[in-house]
Amino acid sequence: PSAVAIMPNLKGIQLKNIQKLMNQNDVRAEVFHDNAQPQEHTCGQCVVIDQQPEAGAIVNLAKSLLMQLKVAQAIV
């Protein structure tokens with residue numbers, strides 16, 4: 001299998017669902033909030049609002065990939 005992949009568009013997806021994808025590959029994520037969160041915040045309802053690498057970028061999965069995800073609480 002090829003180690004090259006196209007970065008998917010993660011915007012609007014709940015962070016907890018992305019963590020399953022990351023566990024299947026050697027992918028780590030730095031998560032940033034759009035605004036300050038209380039200390040007890042768990043990201044249970046957070047969705048991605050911005051990402052790096054951007055959707056459509058070519059990424060090499062043969063190397064460890066570090067994504068940067070900006071998240072905000074979903075409007076329920």
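Treat the numbers as computed from the prediction; the structure is a model and nothing was measured. Note: hydrogens, waters and symmetry copies are ignored here, and every other heavy atom, side chains too, is used.
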* Asked: Hey, any chance Ile13 and Ile49 share a hydrophobic cluster, counting ILVMFWY side chains that come within less than 4.5 Å of each other, even indirectly?
  -> no

* In the single-linkage hydrophobic clustering (I, L, V, M, F, W, Y; side-chain heavy atoms under 4.5 Å), do Val47 and Ile18 co-cluster? -> no

* Determine, step by step, whether Arg28 and Met22 satisfy the side chain to side chain contact (heavy atoms under 4.5 Å, CB included) criterion, reporting the C-alpha distance in whole Å, the side-chain angles of both residues, the deciding distance to 0.1 Å, and the verdict. => CA-CA 7 Å; Arg28 294 180 306 123; Met22 293 186 328; over 6 Å; no

* Any chance you could measure Lys11, atom NZ, to Asp50, atom CG, to the nearest 0.5 Å? => 5.0 Å

* Asked: With distance as the sole criterion, is a donor-acceptor pair present between the side chains of Gln37 and Asn35 under 3.5 Å?
  -> yes

* State, with a plain yes or no, whether a side-chain heavy atom of Asn9 is found less than 4.5 Å away from one of Gln51. => yes

Determine all donor-acceptor pairs shorter than 3.5 Å in which one atom belongs to a side chain in residues 54-65; sequence neighbours excluded.
unit_1: Asn60; atom_1: OD1; unit_2: Ala62; atom_2: N; d: 2.8

* To do: Could you tell me whether the side chain of Cys46 reaches within less than 4.5 Å of the side chain of Gln14, counting heavy atoms only?
  => no

* Asked: Do Val71 and His33 come within less than 4.5 Å of each other through their side chains, counting heavy atoms only?
  -> yes

